[in-house]
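Take a look at the structure set out below.
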Amino acid sequence: MQRANPKSYFLKTFGCQMNVYDSERMAEALARDGYSETDDVAKADLVILNTCHIREKAAEKVYSDLGRIRVIKDARKRDGKETVIAVAGCVAQAEGPEITARQPAVDLVIGPQSYHRLPELIARAETNSESIVETEFPGDEKFAAMKAPRRVSSPSAFLTVQEGCDKFCTFCVVPYTRGAEFSRPVSKLEAEARELAAAGAKELVLLGQNVNAYHGEGPVGRTVGLAELIRRLAEIDGIERIRYMTSHPRDMSDDLIAAHAEVPQLMPFLHLPIQSGSDRMLAAMNRKHRAAEYVDLIARVREARPDIALSSDFIVGFPGETDEDAEETIALVKAVGFAQAFSFKYSPRPGTPAAGIEVQVPEDVKAERLQRLQALLEEQQLAFNSQVLGNTIPVLFERRGREPGEFVGRTPYLQLIYAAGDGDLTGQTADVKVTETRRVSLSGVISAA
Ligand code: SAH
Ligand code: SF4
Ligand code: F3S
């Protein structure tokens, strides 16, 4: 039921896919309350920034945005219009009242585990002169209370199945911003997946900070792992593709590896962060596995699914990292061969153990190591893409491209691919012959729909 509400909102999302998912859910709840979306902040009665705390740059960006939004809020006030500014997400959780102290124009600070209270808190913020800070970790499921119908903006839909993290890697804020590991029950996920499929989703991307640690309540109180969840979701009519991210090497079960060989809907792509190729660094990071174990794991995954595309995350310049450690990361990358990867300079985060280590790596050394690593990863990405030149592969088209008649889709290996087509190909899967390969995308010609 849509309520009458002349108000509009502006929502900006930073950070990972889990934030994108949360933003979609917040947008659905606002739509149910009759809000319309605007991409012009100056027209918005409600501004929500869904923030990320993972690296310093991401967090600082929020404050520069807030500075600009404050000016707009003041200008609107002079025209007699009120603006509610809300900060959601991981900066909200990590900094709480510090946010309103630094930027008093903020009316509402809401952590990721409190979104079910969003409508109520917005209503309170509209009448309250004092800002509200809500960063509790309630035990129940945050989205259960929102009850707004799911919508899909793309044939590839996000579905958060697990949240939080109990791993406490020494560099990482996630266990503090998202709380303890929590898996959503299978029945809820199946219901949501069916709703997404009915709304046009063809692909499900199962999300979790540690998605392969998933252990949700299944039928008759039994606990179900990620592999079984995937097998069950693959049964849903209309779901052609399934992906999942982000996984931890420690939670890569034999069952999940087997699913890559057995479940046709499970796409041949695995994002499995390792962070470093040095055992000394892995121990200091509290990753709880060694580089050789990762290499062995990859070999087993490749045995199950030889064509699998591998992706990872790397941190360079972790405190105490030497040239030899950095060299070991390079050697690991060469040994594995990645289809794509993300790499970052270590960013000390307040409250995490690594931030307190005295021997931090100088910025110029970090930059140099990052450049070297990224050059190698880019070379591997290009090489991976070149392999499919001339092949015909099934592509799920997600949206229209910029050129007339152009569509943009993904190969099973998550490669971005452009092809021309008639009518509307969005949501359709077609065989495409790859005619051109570049580092970040491919081009092809549709051979059969
Ligand atoms: N749960 C995932 C990662 C979540 S955070 C895992 O265990 O791998 C996403 C990525 O951000 C991490 O993999 C890491 O590479 C990077 N990251 C996290 N904290 C960081 C920090 N303090 N500085 C730089 N990069 C960081
Ligand atoms: Fe952060 Fe480590 Fe948890 Fe990943 S596993 S979210 S890097 S603490
Ligand atoms: Fe950032 Fe929070 Fe995701 S810190 S990466 S938005 S879990």
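Values in this document were obtained by computation on a predicted structure and should not be read as measured data. Read the numbers this way: they start at 1 and go in the same order the structure lists the ligands and their atoms. Hydrogens, waters and symmetry mates are skipped; everything else that's a heavy atom, side chains included, is used.
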Side chain to side chain, [X] and [Y], heavy atoms closer than 4.5 Å:
X      : Y      : answer
His248 : His289 : yes
Ser441 : Tyr418 : yes
Leu272 : Tyr294 : yes
Gln162 : Glu181 : yes
Asp107 : Ile132 : no
Arg243 : Phe269 : yes

* Does ligand 1 have an atom that lies less than 4.0 angstrom from a heavy atom of Val174? -> no
* Is there a donor-acceptor pair closer than 3.5 Å between any side-chain N or O of Asn50 and the backbone N or O of Asn19? -> yes
* Determine yes or no for a side-chain-to-main-chain donor-acceptor pair under 3.5 angstrom, with Arg232 supplying the side chain and Glu190 the backbone. => no
Please classify the [X] to ligand 1 contact at 4.0 Å (heavy-atom distances, strictly less than): side chain, backbone, both or neither.
X      : result
Arg287 : side chain
Arg349 : side chain
Ile315 : side chain
Lys167 : neither

* Yes or no on side-chain hydrogen bond (donor to acceptor under 3.5 Å, both in side chains) for Thr437 and Asn385, after CA distance, side-chain angles and deciding distance? -> CA-CA 6 Å; Thr437 64; Asn385 286 350; over 6 Å; no
* Around Gln371, counting heavy atoms of other residues, nucleotides and ligands shown, do more than 12 lie under 6.0 Å from its CD? -> no
* Neighbour count >12 (heavy atoms, 6.0 Å) for atom CG, Asp39 -> no
* Within the 4.0 Å heavy-atom sphere of ligand 2, strictly under, residues -> Cys165, Lys167, Phe168, Cys169, Phe171, Cys172, Val174, Pro175, Asn210, His248, Arg287
* Asked: Are Thr352 and Tyr176 close enough, and set up right, to give a side-chain contact (heavy atoms from CB on, under 4.5 Å), and what steps lead you there?
  -> CA-CA 9 Å; Thr352 60; Tyr176 314 98; 4.1 Å; yes
* **Taking every non-hydrogen atom, the tightest pair across Asn212 and Leu256** => CB-CD2, 3.6 Å
* **Numbered atoms of ligand 1 (with element) below 4.0 Å of Phe344, judged on heavy atoms** =>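 Those atoms are 11 (O), 15 (O), 16 (C), 25 (N).
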* What atoms of ligand 1 come closer than 4.0 angstrom to any heavy atom of His248? ->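 Taking each heavy atom of His248 in turn, ligand 1 has 7 (O) under 4.0 Å.
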* **Contact check: Thr246 vs ligand 1, nitrogen or oxygen atoms, below 3.5 angstrom** => no
* Is Gln275 close to ligand 1, meaning an N/O of one under 3.5 Å from an N/O of the other? ->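 Looking only at distances, the answer is yes, because the N/O contact criterion of under 3.5 Å is met.
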* Should Gln265 and Arg241 be marked as a side-chain hydrogen bond (donor to acceptor under 3.5 Å, both in side chains) after you check the CA-CA gap, both sets of side-chain angles, and the distance that decides it? -> CA-CA 5 Å; Gln265 291 89 342; Arg241 294 182 169 196; over 6 Å; no
What is the closest protein heavy atom to [atom], and at what distance does it sit?
atom                    : value
atom 10 (C) of ligand 1 : Asp313 OD2, 3.3 Å
atom 1 (N) of ligand 1  : Gln209 O, 2.6 Å
atom 20 (C) of ligand 1 : Phe171 CD1, 3.7 Å
atom 21 (C) of ligand 1 : Ser347 O, 3.6 Å
atom 5 (S) of ligand 1  : Ile54 CD1, 3.5 Å
atom 17 (N) of ligand 1 : Arg55 NH1, 3.5 Å
atom 24 (C) of ligand 1 : Lys345 O, 3.4 Å

* Look at Glu324 together with Arg280 and state whether they make a salt bridge at an N to O cut-off of under 4.0 Å. =>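 So Glu324 does not pair with Arg280 through a salt bridge.
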* Verdict with reasoning, Glu134 to Arg117, per salt bridge (Lys or Arg N to Asp or Glu O under 4.0 Å) -> CA-CA 9 Å; Glu134 178 59 61; Arg117 299 193 51 206; 2.6 Å; yes
* Structure fact -> Ignoring waters, protein N/O/S atoms under 2.8 Å from atom 3 (Fe) of ligand 3 are Cys16 SG
* Is there a salt bridge (Lys or Arg N to Asp or Glu O under 4.0 Å) between Arg150 and Glu24 once you walk through the steps? -> CA-CA 9 Å; Arg150 297 285 352 242; Glu24 286 171 358; 3.4 Å; yes
